[in-house]
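Below: the structure, in structure tokens.
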Amino acid sequence: MQRRDSRTALCRTGEGVYHWRLSPQAPPMRPCVERRACSGILDEARSSRHSPVTRDMTTAPSLRISELPAHAGQHVVVRAWVTHVRSSGKVAFAALRDGTGVAQAVFVKSQVGDDLWARFAELTTETSVEIAGEARVNPRAPSVLDIGVTRLEIIGPSPSDYPIQPKEHGIDFLLDHRHFWLRSPRQRAIMVIRNEVEQAIHDFFYERGFLRVDTPILTAAIGERSGLFATEYFEEGTAYLAQTGQLYGEAAAAAFGKIYTFGPTFRAEKSKTRRHLTEFWMIEPEVAWNDSEANMKLQEDFVEFLVQRVVQRRRPELDELERDVSKLERITAPFPRLNYTDAVALVQRKGSTAKWGDDLGAEDEALIVEDYDKPVFVFNYPKEAKAFYMKENPDDPRTVLCNDLLAPEGFGEMIGGSQREDDYDKLLARIKEEGLPIEAYDWYLDLRRYGTFTHAGFGLGLERTIAWICGIQHIREVIAFPRMMHRLRP
RNA sequence: UCCCCAGUAGCUCAGUUGGUCAGAGCAUCCGACUGUUAAUCGGAGGGUCGUAGGUUCAAGUCCUACCUGGGGAGCCA
């Protein structure tokens with residue numbers, strides 16, 4: 001899009017070029033209604049002889065469906081998609097959706113005339129339309145506004161074989177048609193909540209003086225142990241898609257103090273569970289001078305903030321998903337904390353075969369979480385079970401200063417965090433123990449040579465967090481276009 | 001990579017110990033209906049039963065392999 005001046009802009013679509021009016025009173029841009037009048041006039045507009053604004057002002061702007069209740073009793077213009085048609089002899093209905101809400105277009109044969117009545121038959125599921133008429137409250141169904149149609153323009157017809165129906169579908173079919181599935185009310189609710197969470201993340205850190213740092217997606221061999229996606233990279237050989245931004249985040253924390261990253265990460269793990277994607281989004285704060293205790297405090301404040309923000313602002317969407325909101329309202333800091341040794345003893349009492357030194361498996365996590373209605377911290381795991389960069393626990397060198405945060409209701413591990421090893425010699429020894437290529441970590445080791453510092457951070461899995469908040473069992477549903485082992489399209 | 005389950009109409013599924021087993025609902029199309037909310041009612045079209053072999057007089061059904069998907073484990077967020 002190209003801005004012309006403070007009030008107009010040119011917008012190009014697949015169908016042509018038309019104008020958007022920027023109203024000082026209404027900051028969100030609205031398309032001019034008479035699109036045909038403005039289309040295909042790029043050259044004229046460039047020469048500044050054409051003034052789309054004055055022409056625009058002669059017509060009423062189209063409204064979003066969410067704005068309709070404020071215009072009840074008035075003549076309105078709406079652009080939307082038809083989700084459903086029903087006919088009853090001499091009255092016909094077309095359910096409408098535009099992403100902001102739903103409405104119902106009403107055609108009464110005796111009022112609309114034969115021509116408009118006949119054109120109702122052209123409406124099929126997912127036809128895109130411009131409809132003009134009177135907005136009015138229907139006493140029989142006050143929640144959905146009627147539009148008594150006086151004008152109908154079919155913008156994009158839709159063949160009668162639209163695959164998504166208002167009924168149960170298999171997950172394979174739905175994922176094959178994800179580009180259509182997103183149009184359903186439930187998927188819209190999930191994406192709205194995802195957007196709310198993302199906005200809340202940025203607000204939380206901005207308000208607390210964190211600097212957002214964008215870390216690279218193409219990296220040399222560095223990061224964690226599990227599978228890497230590889231790609232050719234000019235003369236440098238092989239590049240890998242980032243599994244984490246953490247190591248870069250540590251460098252940024254030494255420069256800026258408090259930082260966070262927000263971006264996609266990639267794991268070529270052949271995982272087939274409801275908790276795994278090959279491409280997922282992660283938030284990774286890194287804070288200079290935070291120890292492990294302060295790190296956990298930040299985590300619980302952060303999680304509380306995200307959950308309560310959604311509860312406060314996205315109640316309709318939570319209701320659409322039939323989420324038990326009372327379970328979310330209870331999510332307030334502080335969260336219960338179990339050190340690893342106590343956690344092992346707990347799951348052993350409950351019949352687990354886990355023994356000290358093992359990482360806790362999914363079943364063990366479920367045993368821990370079942371006693372609580374808040375997320376639970378498990379902290380200070382054995383060194384062998386955790387990554388090389390975690391700081392040795394001075395009180396028990398068999399363990400490291402780290403924590404997992406387990407979501408309630410069986411949604412699993414939401415956060416992994418730790419205080420980082422700040423001792424050069426110990427970090428070097430751990431890199432060697434792990435058999436990692438030292439030359440790839442020279443810059444990371446430099447952070448300990450030039451002004452080492454206590455610091456800690458964590459990674460929060462965005463999709464796991466949203467799945468928990470939404471009460472969605474599988475995280476593939478909380479990202480618009482999930483990437484999994486067997487799914488690369490759409 | 002390992003364990004378990006499933007592939008039958010556009011979709012969701014039923015199909016009994018192998019023998020009218022090519023079926024239903026929804027969707028689509030045609031017709032009826034003046035207020036429907038996944039409208040209702042009547043009618044029609046629509047399938048090499050995932051693929052390839054095998055057993056049998058006879059296979060959607062039993063066996064083998066492969067393909068595809070789902071659930072779980074491990075790994076992790």
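All figures in this text were calculated on a predicted structure; none of them were measured in a lab. Quick note on labels: first sequence line is chain A, next is B, and so on, each numbered from 1.
Below 30°, between 30° and 60°, or above 60°: for A/His202 and A/Phe262 the angle between ring planes is between 30° and 60°, a tilted geometry.
When heavy atoms are screened at a 4.0 angstrom cut-off, A/Lys272 is found touching base atoms of the nucleic acid. Contacts of A/Gly361 with the nucleic acid, taken as non-hydrogen atoms under 4.0 Å apart, involve only primed sugar atoms and P, OP1 or OP2. In this structure, A/His474 reaches the sugar-phosphate backbone alone: every heavy-atom distance under 4.0 Å involves primed, P, OP1 or OP2 atoms, never a base. Counting non-hydrogen atoms under 4.0 angstrom, A/Leu277 reaches a base of the nucleic acid. A/Ala362 comes within 4.0 angstrom of sugar-phosphate atoms only, judged by non-hydrogen atoms across all strands, and of no base. Across all strands, A/Ser87 comes closer than 4.0 Å to base atoms (heavy-atom distances). Note on A/Asp161: nothing from the nucleic acid sits closer than 4.0 angstrom, heavy atoms only. Note on A/Ser160: only backbone sugar-phosphate atoms sit closer than 4.0 angstrom, heavy atoms only; bases stay farther off. Contact annotation for A/Arg274: backbone-only contact, meaning every heavy-atom pair under 4.0 Å involves sugar-phosphate atoms and none involves a base.
The only member of A/Leu346, A/Leu367, A/Asp358 that meets side-chain contact (heavy atoms from CB on, under 4.5 Å) when paired with A/Ser352 is A/Leu367. Across A/Arg430, A/Glu421, A/Arg420, A/Gln246, a single residue satisfies side-chain hydrogen bond (donor to acceptor under 3.5 Å, both in side chains) together with A/Tyr389, and that is A/Gln246.
For B/rC76, the base has a donor-acceptor partner in the side chain of A/His276 [N/O atoms by modelled type, under 3.5 angstrom]. No donor-acceptor contact under 3.5 Å links the side chain of A/Arg86 to the base of B/rC33. Interface remark: the A/Gln104 side chain does form a donor-acceptor pair with the B/rU36 base, using a distance-only criterion of under 3.5 Å. No N or O donor and acceptor, one from the side chain of A/Asp146 and one from the base of B/rU36, sit under 3.5 Å apart.
Following rounding to the nearest Å, A/Gln165 (CD) and B/rA9 (P) show an atom-to-atom distance of 14 Å. Look at CZ on A/Arg136: it is 10 Å from C1' on B/rG35, rounded to the nearest Å. Between the NE2 atom of A/His169 and the P atom of B/rA27 there is a distance of 11 Å, rounded to whole Å. Rounded to whole Å, atom C1' of B/rG72 lies 12 Å from atom CE of A/Met485. Residue A/Glu284 contributes atom CD, which lies 15 Å from atom P of B/rC76 at whole-angstrom precision. Atom pair A/Glu363:CD and B/rA73:P shows a separation of 7 Å (rounding to whole Å applied). Regarding A/Glu279, its CD atom lies at a distance of 21 Å from the P atom of B/rC76, rounded to whole Å. Rounding to whole angstrom units, CD1 of residue A/Ile164 and C1' of B/rC26 are separated by 14 Å.
Searching all strands for a Watson-Crick or G-U wobble partner of B/rU40 with both distances below 3.5 Å returns B/rA32. In this entry B/rG10 has B/rC26 as its Watson-Crick or G-U wobble partner, both defining distances falling under 3.5 Å. Nucleotide B/rG74: unpaired (no Watson-Crick or G-U wobble partner with both distances less than 3.5 Å). Shown here, B/rC62 forms a base pair with B/rG54; the pair counts as Watson-Crick or G-U wobble because both key distances fall under 3.5 Å. Taking a pair to require two hydrogen-bonding distances under 3.5 Å in either a Watson-Crick or a G-U wobble arrangement, B/rU48 remains unpaired.
For the C1' atom pair drawn from B/rA14 and B/rU55, the interatomic distance equals 27 Å after rounding to whole Å.
A salt bridge links A/Arg194 and A/Glu198; the closest N-O separation between the charged side-chain nitrogens and carboxylate oxygens is under 4.0 Å.
Both tests hold for A/Arg208 against A/Phe305: distance to the six-membered ring centre under 6.0 Å, angle to the ring axis within 45°.
Closest approach of A/Met485 and A/Thr278 over heavy atoms only: N-CG2, 3.9 Å.
Counting only residues at least two apart or in different chains, salt bridge (charged side-chain N to carboxylate O under 4.0 Å, His left out) contacts with residues 475-486 of chain A comprise A/Arg186-A/Glu477.
Both geometric conditions, a ring-centre gap below 5.5 Å and a plane tilt below 30°, are not fulfilled together for A/Phe93 over the base of B/rG35.
OP1 or OP2 of B/rA73 sits under 4.0 Å from a side-chain N or O of A/Arg275.
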